[in-house]
Amino acid sequence: MDRYAAAGDEAADRARQQERHYQLLSALQSLVKELPSSFQQRLSYTTLSDLALALLDGTVFEIVQGLLEIQHLTEKSLYNQRLRLQNEHRVLRQTLRQKHLEAQQSCRPHNLPVLQAAQQRELEELTLQMNLLELIRKLQQRGCQVGKAAL
């Protein structure tokens, strides 16, 4: 009798798993309909069915959730790093301005043009560095947008 009960439980489990497979497959098919037709053509019924089977045990969902958490922590860390660098830059600029002002005030009039030219070059170097950092930031944002579009 136990053998029959175990067989019945296995059959019920298979039926639940089959029903879950159909639900996942149906959800995937609905999502695929929202994609551009060029992508829809690449995703056959067999591919979607195989994907639904891979999703059945929940491991993929756990992996994706873990990756999302890692991404959020990374983004938060990068944001905090960016804020810290911006504050450091602001302080450096204020310090540089103060240094330039003090140097100009203590400079003899005949040396002032030379000092101002040197200070101008120094400012142009700080500005160039900040423009490069801004360019890198924009490239990173564009890379993130491309990555999100690929999903």
S.K.: Run the side-chain contact (heavy atoms from CB on, under 4.5 Å) check on D13 and Q17 step by step: do they pass?
M.R.: CA-CA 6 Å; D13 285 344; Q17 199 162 12; 5.9 Å; no
S.K.: To the nearest 0.5 Å, how far apart are NE2 in H89 and CD in Q94?
M.R.: 10.5 Å
S.K.: Under 3.5 Å, is there a donor-acceptor pair linking the side chains of Q129 and E125?
M.R.: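 No, no side-chain donor-acceptor pair sits under 3.5 Å.
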S.K.: Decide yes or no on side-chain contact (heavy atoms from CB on, under 4.5 Å) for V64 and L68, but give the supporting numbers first.
M.R.: CA-CA 6 Å; V64 169; L68 281 173; 4.3 Å; yes
S.K.: Check the pair R97 / H100 against side-chain contact (heavy atoms from CB on, under 4.5 Å), numbers first and verdict last.
M.R.: CA-CA 5 Å; R97 282 190 197 118; H100 285 185; 5.8 Å; no
S.K.: So does R16 pair up with E19, basic N to acidic O under 4.0 Å?
M.R.: no
S.K.: Please answer: with hydrophobic residues joined when any side-chain heavy atoms are less than 4.5 Å apart, are V60 and L31 in the same cluster?
M.R.: no
S.K.: Work out which heavy atom in A52 is nearest to a heavy atom in L28; give both atom names and the distance.
M.R.: N-CD1, 3.8 Å
S.K.: Say whether L25 and F39 are linked into one hydrophobic cluster, either directly or through other cluster members, by side-chain heavy-atom distances under 4.5 angstrom.
M.R.: yes
S.K.: Return the CG to CD distance between L55 and Q23, rounded to the nearest 0.5 Å.
M.R.: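 If we round to the nearest 0.5 Å, L55:CG and Q23:CD are 12.5 Å apart.
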S.K.: Let me see the working for E134 and M130 under side-chain contact (heavy atoms from CB on, under 4.5 Å), right down to the final yes or no.
M.R.: CA-CA 6 Å; E134 184 67 17; M130 290 312 300; over 6 Å; no
S.K.: Is a side-chain donor or acceptor of H21 paired with a backbone partner of S49 at a separation under 3.5 angstrom?
M.R.: yes
S.K.: Would you mind listing every side-chain hydrogen bond (donor to acceptor under 3.5 Å, both in side chains) that reaches into residues 35-46, with sequence neighbours excluded?
M.R.: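 Passing the test, one end in residues 35-46: S44-T47.
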S.K.: Atom CD in Q71, atom CG in L78: separation rounded to 0.5 Å?
M.R.: 10.5 Å
S.K.: Rounded to the nearest 0.5 Å, what separation is found between the CD atom of E88 and the CD atom of Q81?
M.R.: 9.5 Å
S.K.: According to side-chain hydrogen bond (donor to acceptor under 3.5 Å, both in side chains), who are the partners of Q98, at least two apart in sequence or on a separate chain?
M.R.: E102
S.K.: Can you find a pair of side-chain heavy atoms, one from N131 and one from T127, that are under 4.5 Å apart?
M.R.: yes
S.K.: Checking side-chain polar atoms at under 3.5 Å, does Y22 have a donor or acceptor matched by the opposite partner on Q18?
M.R.: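 Their side chains do contain a donor-acceptor pair, which is all the 3.5 Å distance test asks for.
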S.K.: Out of E122, E124, Q116, which residue meets the side-chain contact (heavy atoms from CB on, under 4.5 Å) rule with Q120?
M.R.: E124
S.K.: L24, L35: one ILVMFWY side-chain cluster at the under-4.5 Å cut-off?
M.R.: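 Same cluster.
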S.K.: Is L85 reachable from L132 through a run of I, L, V, M, F, W or Y residues, each pair having side-chain heavy atoms under 4.5 Å apart?
M.R.: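 No, L132 and L85 fall in different hydrophobic clusters.
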S.K.: Could you tell me whether R137 atom CZ has more than 12 heavy atoms of other residues or ligands within 6.0 Å of it?
M.R.: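 More than 12 within 6.0 Å, yes.
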S.K.: A quick test of your reading: do over 12 heavy atoms of other residues, nucleotides or ligands sit less than 6.0 Å from CZ of R84?
M.R.: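 Counting neighbours around CZ of R84, more than 12 heavy atoms of other residues, nucleotides or ligands fall under 6.0 Å, so yes.
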S.K.: Mind listing the closest non-hydrogen atom pair of L96 and L123 along with its distance?
M.R.: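 Closest approach of L96 to L123: CD2-CD2, 3.8 Å.
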S.K.: Could you grab the distance from atom CD of Q65 to atom CD1 of I70, nearest 0.5 Å is fine?
M.R.: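 Q65 atom CD to I70 atom CD1 measures 10.5 Å (nearest 0.5 Å).
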S.K.: Listed by chain and number, what are the side-chain hydrogen bond (donor to acceptor under 3.5 Å, both in side chains) partners of R90, not counting sequence neighbours?
M.R.: N87
S.K.: Is there a path from L51 to F61 through hydrophobic residues (I, L, V, M, F, W, Y) whose side chains come within less than 4.5 Å of each other?
M.R.: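 Linked within one cluster.
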S.K.: Under the 3.5 angstrom rule, does the side chain of S77 hit a backbone N or O of L73 as a donor-acceptor pair?
M.R.: no
